[in-house]
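Please read the structure below before turning to the comments.
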Amino acid sequence: CQRSHAHALRLGLDVHDYTAQDRVAATLDALGRSDEAVRALIALYARNDVRGCERADVTINLAWFLDVAPNATPLDRERALTLLDEARALFPEACGDPGRKAIAETNLAFAALHVGDLARAQRARSEAARLAGEADAGLAVWWALLDGELALARSDADGALTAFDVALARAGTQDDPAFRARVGRARALERAGALARARA
């Protein structure tokens, strides 16, 4: 990714340069270097030449990394909400891609959930579902995870367990959502009093 970034700079390929840097940030995050990933995305976000759907992407990704970072603070999560509102405002004039809009709504639902605004999280989840016919089917696993988290927040352990089972089935070979689904199942089982199954 870094070689690709260097070549893009040398050749003046702005969009390719953006893509390379975005992938560097994603790789850093996958390696557990979330602070570096956030710094890389902040640098992209500051660029005036990143516009349209690419502007939506970097804003959505920065918000996600701020929201789910292991050391995320309440201020980080409030900033994530602000960034996601900013990203949503880009649709459809600056970016007409409904798949990206569905991602923004999905991430907004998680961010709202993380600050305890369940009503806003549910609204964003419903808006993401409204776009489901046009959006990437890969989002379905994240909607199931959201449903599980929302059920847990409402103290509905059975509903949470059902949703996390759906998420696990939809995750397939995707490690991150599969891990989240397994942790969610354990939390739901614990909430239901099935401690041995939760530990297992």
Side-chain angles (χ1 to χ4, degrees), residues 1 5 14-30 33-147 149-150 174 176-177 180:
C1 287
H5 167 54
D14 291 340
V15 172
H16 186 75
D17 175 38
Y18 153 76
T19 302
Q21 290 193 67
D22 182 67
R23 292 300 83 206
V24 166
T27 304
L28 286 166
D29 184 64
R33 295 159 63 178
S34 55
D35 289 346
E36 291 174 73
V38 166
R39 285 197 295 273
L41 284 171
I42 286 172
L44 271 178
Y45 178 79
R47 285 174 45 173
N48 292 327
D49 61 332
V50 178
R51 299 187 181 93
C53 288
E54 286 74 28
R55 168 62 59 183
D57 284 345
V58 72
T59 307
I60 292 166
N61 291 344
L62 176 56
W64 175 257
F65 288 169
L66 284 170
D67 182 42
V68 302
N71 57 349
T73 66
L75 189 60
D76 290 331
R77 289 186 162 149
E78 289 295 340
R79 185 177 181 201
L81 284 170
T82 300
L83 286 166
L84 287 163
D85 281 335
E86 182 182 315
R88 290 164 71 234
L90 296 170
F91 301 98
E93 286 79 11
C95 179
D97 180 358
R100 284 178 166 98
K101 175 75 159 52
I103 292 170
E105 295 291 349
T106 300
N107 290 6
L108 177 65
F110 277 108
L113 181 65
H114 294 155
V115 299
D117 191 342
L118 302 190
R120 189 175 187 192
Q122 187 61 63
R123 285 195 305 273
R125 162 67 176 93
S126 297
E127 177 62 11
R130 189 184 69 77
L131 295 164
E134 302 171 87
D136 180 354
L139 285 174
V141 64
W142 295 98
W143 296 334
L145 288 169
L146 261 174
D147 292 341
E149 294 294 342
L150 285 164
Q174 301 176 74
D176 186 13
R180 291 172 187 271

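- Side-chain contact between D117 and L81 is absent, with no heavy atoms from C-beta onward closer than 4.5 Å.
- Salt bridge status for D85 with R120: present, with a side-chain N to carboxylate O gap under 4.0 Å.
- Residues F110 and L145 meet the side-chain proximity criterion, which asks for heavy atoms closer than 4.5 Å.
- Atoms OG1 and CD, on T59 and E54 in that order, are 11.0 Å from each other to the nearest 0.5 Å.
- Rounded to the nearest 0.5 Å, atoms CG (N107) and CG (L66) are 11.5 Å apart.
- D76 places a side-chain N or O within 3.5 Å of a backbone atom of T73 that can act as its donor or acceptor partner.
- Remark: the backbone N or O of V115 is not paired with any side-chain donor or acceptor of R77 at under 3.5 angstrom.
- Nearest heavy-atom pair across A112 and A121 is CB-N, 3.6 Å.
- For the atom pair CZ of R180 and CG of L146, the computed distance is 10.5 Å after rounding to the nearest 0.5 Å.
- Put simply, the side chain of R100 reaches to within 4.5 Å of the side chain of C53, judged on heavy atoms.
- The two residues Y45 and V58 have their closest heavy-atom pair at N-CG2, 4.0 Å.
- In this structure a side-chain-to-backbone donor-acceptor pair under 3.5 Å is missing from R79 to P74.
- Between the CZ atom in F65 and the CG atom in L28 there is a gap of 8.5 Å [rounded to 0.5 Å].
- In terms of heavy atoms, A87 sits closest to A56 at CB-O, 4.4 Å.
- L108 CG to R125 CZ: the interatomic distance, rounded to the nearest 0.5 Å, is 13.5 Å.
- Two residues are said to be in side-chain contact when any heavy atoms from C-beta on lie closer than 4.5 Å; Q122 and S126 meet this criterion.
- Note that CH2 of W64 is 14.5 Å distant from CG of L83, once rounded to the nearest 0.5 Å.
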After noting the C-alpha distance and the side-chain angles of L113 and L118, does the key distance pass the side-chain contact (heavy atoms from CB on, under 4.5 Å) rule?
CA-CA 5 Å; L113 181 65; L118 302 190; 3.4 Å; yes
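- One finds no salt bridge joining D29 and R33 here, because no Lys/Arg side-chain nitrogen approaches an Asp/Glu carboxylate oxygen to under 4.0 Å.
- In summary, R123 and E127 do not engage in a salt bridge, as defined by a charged side-chain N under 4.0 Å from a carboxylate O.
- The closest side-chain donor-acceptor pair between D22 and N61 falls under 3.5 angstrom.
- Proximity of D176 to W142: side-chain heavy atoms (C-beta onward) are separated by under 4.5 Å at one or more points.
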